[in-house]
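Counting starts at 1 for both ligands and their atoms, in listed order. What you see is a predicted model, and the numbers here were worked out from it, not measured in a lab.
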Amino acid sequence: MSNKIRVTVWGEFRHEKRDEVVKKHYPDGMHQVIAKALGKNADMEIRTATLDEPEHGLTQEVVDSTDVFTWWGHCAHKDVSDEIVARVYKRVLEGAGLIVLHAGHFSKIFKKLMGTNCSLKWRVAGENKAGETERLWVIEPSHPIAEGLSEYIELPNTEMYGERFDIPTPEKLVFISWFEGGEVFRSGCTWERGHGRIFYFRPGHETFPIFHNPQIQKVLTNAVRWAKPRIIKEDVCPCSPEIEKVGPREFPQIQG
Ligand code: ZN
């Protein structure tokens with residue numbers, strides 16, 4: 001068995017089929033660009049899965065052999081079956097990693113793991129929808145997800161996401177975004193659920209070539225390595241065994 005991190009890159013893959021601008025940036029889908037970027041890492045083994053495949057490409061076999069999932073969805077969250085979400089959820093609690101990208105903040109799997117509604121503010125600015133500048137400030141430079149990055153990543157054209165982002169307080173906040181319009185946003189957040197590690201990463205609006213950006217790809221690589229399982233373990237609720245005998249159990253005789 002190989003020691004590589006087995007990554008399943010999940011993509012909704014709907015916008016890319018019907019929107020000309022998105023198609024131009026991602027003719028084969030965003031998931032393929034992400035998969036290709038991660039595939040350059042010798043320590044990773046990548047496969048992709050998309051919504052319209054049988055079982056959304058997430059059969060029991062695929063889920064059971066995934067160490068880290070990445071998840072991009074937007075317009076079709078409701079089309080993801082609850083049964084498949086439960087399957088991925090269980091795997092994350094057992095120790096698999098999950099990296100939720102951009103509009104995945106409203107996915108069933110993310111909301112289920114967070115327990116909040118995960119809403120936020122958004123805007124694609126400009127008459128021609130050119131967006132606005134974003135600076136993703138690295139506020140935890142010693143965190144493994146920030147390895148090799150400079151002080152900030154600048155994206156010249158992005159969609160704005162603003163606070164309040166309705167999430168539980170992150171266990172680590174690795175990035176905060178500043179936008180030209182003045183808003184700020186918690187753009188890189190980590191949590192643990194069960195034995196699994198979760199990372200939410202904000203960039204990735206479909207009408208901009210964000211996933212082609214080498215610095216964004218670097219963050220994804222770091223995040224996969226950070227999120228890989230330490231153990232895979234199903235926590236059940238077994239009936240406790242009989243008490244272990246570790247010493248005398250009888251009261252001493254009282255003399256006299
Ligand atoms: Zn978007």
Self-check item: the Zn ion (ligand 1) to H102: nearest N/O/S atom name
Solution: NE2
Practice problem: For the Zn ion (ligand 1), find the closest N/O/S atom on H205 and give its atom name. | Solution: ND1
Quiz item: Can a donor-acceptor pair be found between the side chains of N117 and S119 at a distance below 3.5 Å?
Solution: yes
Exercise. Kindly give the atom name of the N, O or S atom of E159 closest to the Zn ion (ligand 1).
Key: OE1
Quiz item: Any Lys/Arg nitrogen of R193 or E171 sitting under 4.0 Å from an Asp/Glu carboxylate oxygen of the other?
Solution: yes
Quiz item: Are D67 and R225 close enough for a salt bridge, meaning some N to O gap below 4.0 Å?
Solution: no
Exercise. Could you go through the salt bridge (Lys or Arg N to Asp or Glu O under 4.0 Å) check for E154 and R135 one step at a time?
Key: CA-CA 5 Å; E154 183 156 313; R135 276 188 183 174; 2.6 Å; yes
